[in-house]
2 protein chains.
Amino acid sequence: MAVTIKDIAKLANVSITTVSRVINNKSEGVSEETRNRILQLVKELGYQPNAIARGLVTKKTKTIGLIIPDISNPFFPDIARGVEDSAHIYGYNVFLCNTDDNLEKESEYINALKEKYVDGIIFTSSSIPKHEHITDLIKSGIPVVIMDRRIDSEDIYGVFLDNYEGGYIATKYLIDLGHKRIGCITGPLYISNAIERLEGYKRALVDNEIEVDNRLIFEGDYKINSGIIGAEKLLEHEVTAIFASNDLMAYGAYKAIRSYGYKIPDDISVVGFDDIQLSQILEPQLTTIRQPAYDMGLTAARMLIKLIEGKKMNKKIANFRPQLIIRQSTKDIV
Amino acid sequence: MAVTIKDIAKLANVSITTVSRVINNKSEGVSEETRNRILQLVKELGYQPNAIARGLVTKKTKTIGLIIPDISNPFFPDIARGVEDSAHIYGYNVFLCNTDDNLEKESEYINALKEKYVDGIIFTSSSIPKHEHITDLIKSGIPVVIMDRRIDSEDIYGVFLDNYEGGYIATKYLIDLGHKRIGCITGPLYISNAIERLEGYKRALVDNEIEVDNRLIFEGDYKINSGIIGAEKLLEHEVTAIFASNDLMAYGAYKAIRSYGYKIPDDISVVGFDDIQLSQILEPQLTTIRQPAYDMGLTAARMLIKLIEGKKMNKKIANFRPQLIIRQSTKDIV
DNA sequence: CTGAAAGCGCTAACAT
DNA sequence: ATGTTAGCGCTTTCAG
């Protein structure tokens, strides 16, 4: 049996109320003397508050849930780290939940988190077409911050990247280098950010009087393999450059391009998206669109905690801007 | 106010005990009829059990803590995913905690997790020299599984890799390729696995009548940069091969080797350790020692949950064996 | 400055 | 088969 407030109260010859007061640093209300006596006991006995009991009465658990598709996808660890760091600073712990973009698992986790009375949830979901479970969640009153993938619904708090702009500047950069046959390997087109990046790509072409050729667009799934397959397809159509919607698929493209005996960037230029850590280690280092994942995680958690604690916020949406990082996988056409 | 057991009881004209019984699927003790009536109400009202209240009385929270150095270190996401998958299967949620190998943060998280009454903890700690906080934790009675980094203490549950063997086979492989001047970039030598890998390296040399030359041993910190610096140092001593104690440092070595104008593997062979995902994407693909991170995570969580639930286990330690994955960064000496 | 009492939502003896 | 009661450890009125 762990030592409780009651044990302390008995030994200090005070009521549990008084002990509770000093443990919670309640403003004054306790004499210096008794406060010290209690603090002393707390230390001696190694008293630790029982957060469960506390939570039962306060309805606050100092706990948040982080729901993401997959922590082993290299894009998410940085986000998770940002969320956790932020949470830790404010005294919160975070439940990690991996959904694999699976609707059923999303609902399972939402339920589990509700039963455990988390104070709030950070959600990265793919389920654009069907997201009643999320709007229901929000309606249920629990603070929610949506991250990375948009959900169209009024009255949502979220942190996002301008993916459209990202797609645009990636493509524009290739165009400026003289490329005209630019292939695009997209993410799964049921995910908002994949759609947006594709839109940016198309728009950049149109703005520069290059026709959008659907044969130069390949729908991938954000995984390496689809980058390989996509690039193979695109090479058949004689592209001189490839914009991959994430770095992982760009790596796949590297493989395919090499297996065809082409050189990067001399024969084919490649631009990625995300700027995950390994992109600067690859040879040639990948030119890509940076997404400030850690900061986004940090911000999401900070927003959520403000929401939870009823602090006011200037805005409900934090928009981050993508940044073109020019490295060695792109080259102008001579 | 969420609906409670009491609400259901009132509407069903039964006692809360009865409701509790059906919610927990208590063996019989309730007539088919009342059971159905209650189940119906549960569904209609969308009743969700309050895990906090339940935890207060049962002292079980169906929650575990995962304490690791840093989720954004590419070695840990796979472990974390394994742990979380396993936990999810058994109905547990997991708290993610990043310590940065910082003793103080470790203690902070231990405290927080105890206050939140997690049922058990999976711990990957660096603090070999000082680990009273961990032994204290174990003595306190809460189930703990140590992962990846050893702690010498009796009576510990853990899942480990045979790092000594890993260091040995990596080095032995290079020796078999004809290398004699083999450099070693170690991890931080206060971490058990770094020490063990180094021991394996030394032993392989000795077993093959190659003298251990301390100038060929560089203590890194498991990060990319120290791989660069380490490789530079080693190249000055004219090594023909480098064994890096993790893949990240091997990537650093790649960089250094190239900046010296050497080719991998023609001039210098490199072997890594871990086999993180990106090692097969790099050019040339990295020859390395595979560590089954996902499986280790899976196993750690399964062990922990068995411990928690009082199931018996055949053994307290799960040892995994490293595996040499030969790819393209190593070559025999002609 | 301090305490008594109620109650958070649930489980677990113990009755009936 | 069902209900009564106590109580988990804490916070929170409300009194004094």
Side-chain angles (χ1 to χ4, degrees), chain A residues 1-39 41-42 45-63 91 111-112 114-119, chain B residues 1-39 41-42 45-63 91 111-119 141:
Chain A
M1 284 297 105
V3 356
T4 73
I5 215 182
K6 219 167 167 180
D7 303 327
I8 307 249
K10 194 167 295 172
L11 290 172
N13 271 316
V14 294
S15 72
I16 58 171
T17 312
T18 303
V19 178
S20 174
R21 281 193 185 99
V22 350
I23 279 161
N24 292 292
N25 282 311
K26 279 283 158 59
S27 54
E28 317 296 322
V30 184
S31 75
E32 195 65 8
E33 195 218 311
T34 40
R35 156 165 274 120
N36 284 141
R37 187 152 33 101
I38 290 170
L39 252 19
L41 252 1
V42 163
L45 306 188
Y47 168 78
Q48 289 195 295
N50 179 329
I52 301 295
R54 181 178 282 169
L56 183 57
V57 16
T58 61
K59 304 289 178 223
K60 292 284 173 222
T61 54
K62 285 278 186 177
T63 294
N111 275 331
K114 284 172 86 172
E115 292 187 358
K116 290 191 174 157
Y117 274 74
V118 297
D119 296 333
Chain B
M1 283 298 106
V3 356
T4 74
I5 216 182
K6 220 167 166 180
D7 303 326
I8 307 251
K10 194 168 293 172
L11 290 172
N13 272 315
V14 293
S15 73
I16 58 170
T17 311
T18 304
V19 178
S20 174
R21 280 193 186 100
V22 351
I23 279 161
N24 292 292
N25 282 311
K26 278 285 158 58
S27 54
E28 319 296 322
V30 184
S31 75
E32 195 65 7
E33 195 219 311
T34 41
R35 156 164 273 120
N36 285 141
R37 187 153 34 101
I38 289 170
L39 252 20
L41 252 1
V42 163
L45 305 187
Y47 166 78
Q48 289 195 296
N50 179 329
I52 301 295
R54 182 178 282 169
L56 185 57
V57 17
T58 62
K59 304 289 177 224
K60 292 285 174 224
T61 54
K62 285 278 185 178
T63 295
N111 275 332
L113 294 179
K114 283 172 86 172
E115 293 187 358
K116 290 190 175 158
Y117 275 74
V118 297
D119 296 333

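In the text below, chain A, chain B and the rest are named by the order of the sequence lines, each starting its count at 1.
- Note that the CG atom of A/N50 and the NZ atom of B/K116 stand 12.0 Å from one another [nearest 0.5 Å].
- The separation between B/I52 atom CD1 and C/dC10 atom C1' is 12 Å, rounded to whole Å.
- In this model, the phosphate group of D/dG9 is approached by a side-chain N or O of B/K59 to a distance below 4.0 Å at OP1 or OP2.
- Proximity note for B/V14 (side chain, C-beta onward) versus D/dG3, D/dC8, C/dG3: the nearest is D/dG3.
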*Apply the test side chain to side chain contact (heavy atoms under 4.5 Å, CB included) to residues B/V19 and B/L41: give CA-CA distance (whole Å), side-chain angles for both, the deciding distance (0.1 Å), then the verdict.*
CA-CA 10 Å; B/V19 178; B/L41 252 1; over 6 Å; no

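- Distances shorter than 4.0 Å separate some side-chain N or O of A/T18 from OP1 or OP2 on C/dG3.
- Between A/E115 atom CD and C/dG9 atom P the separation is 15 Å, expressed in whole Å.
- Distances shorter than 4.0 Å separate none of the side-chain N or O atoms of B/T4 from OP1 or OP2 on C/dG9.
- Here the straight-line distance linking atom OH of B/Y117 with atom OG1 of B/T63 works out to 13.5 Å at 0.5 Å rounding.
- For the pair B/E32 and B/A53, both in contact range of DNA chain D, the more 5′-proximal nearest nucleotide belongs to B/E32.
- Nucleic acid contact for B/D7: none, since no nucleic acid atom lies under 4.0 Å from a heavy atom of the residue.
- The CG atom of A/L39 sits 10.0 Å away from the OG1 atom of A/T34 when rounded to the nearest 0.5 Å.
- For C/dT2, one of the phosphate oxygens OP1 or OP2 lies less than 4.0 angstrom from a side-chain nitrogen or oxygen of A/T34.
- Remark: P of D/dA6 and CG of B/L56 are 18 Å apart, rounded to the nearest angstrom.
- Proximity of A/N24 to the phosphate of D/dT11: a side-chain N or O atom is located under 4.0 Å from OP1 or OP2.
- In terms of polar N and O atoms assigned as donor or acceptor, the side chain of A/T17 comes within less than 3.5 Å of the base of C/dA4 in a complementary pairing.
- The distance from atom NZ of A/K10 to atom P of C/dA4 is 13 Å, rounded to the nearest whole Å.
- Listed pair B/S20 / C/dT11 meets the phosphate criterion, a side-chain N or O lying under 4.0 Å from OP1 or OP2.
- Within the nucleic acid shown, B/I16 comes within 4.0 Å of at least one base atom, counting heavy atoms only.
- Computed from coordinates, the B/R54 CZ to C/dC8 C1' distance equals 16 Å when rounded to whole Å.
- Rounded to an integer number of Å, the gap from A/Q48 CD to D/dC8 P is 19 Å.
- When distances run from any side-chain atom of B/V30 to the nucleotides D/dT2, C/dT11, C/dC8, the shortest one goes to D/dT2.
- Using a 4.5 Å heavy-atom cutoff, the side chains of A/R54 and A/N24 are in contact.
- Side-chain contact check for B/V42 versus B/V22: every heavy-atom pair is 4.5 Å or farther apart.
- Separating the NZ atom of A/K62 from the P atom of D/dT11 is a distance of 13 Å, rounded to the nearest angstrom.
- Following rounding to the nearest Å, B/Y117 (OH) and D/dC8 (C1') show an atom-to-atom distance of 10 Å.
- Nucleic acid contact class of B/Y47 (heavy atoms, under 4.0 Å, all strands): sugar-phosphate only.
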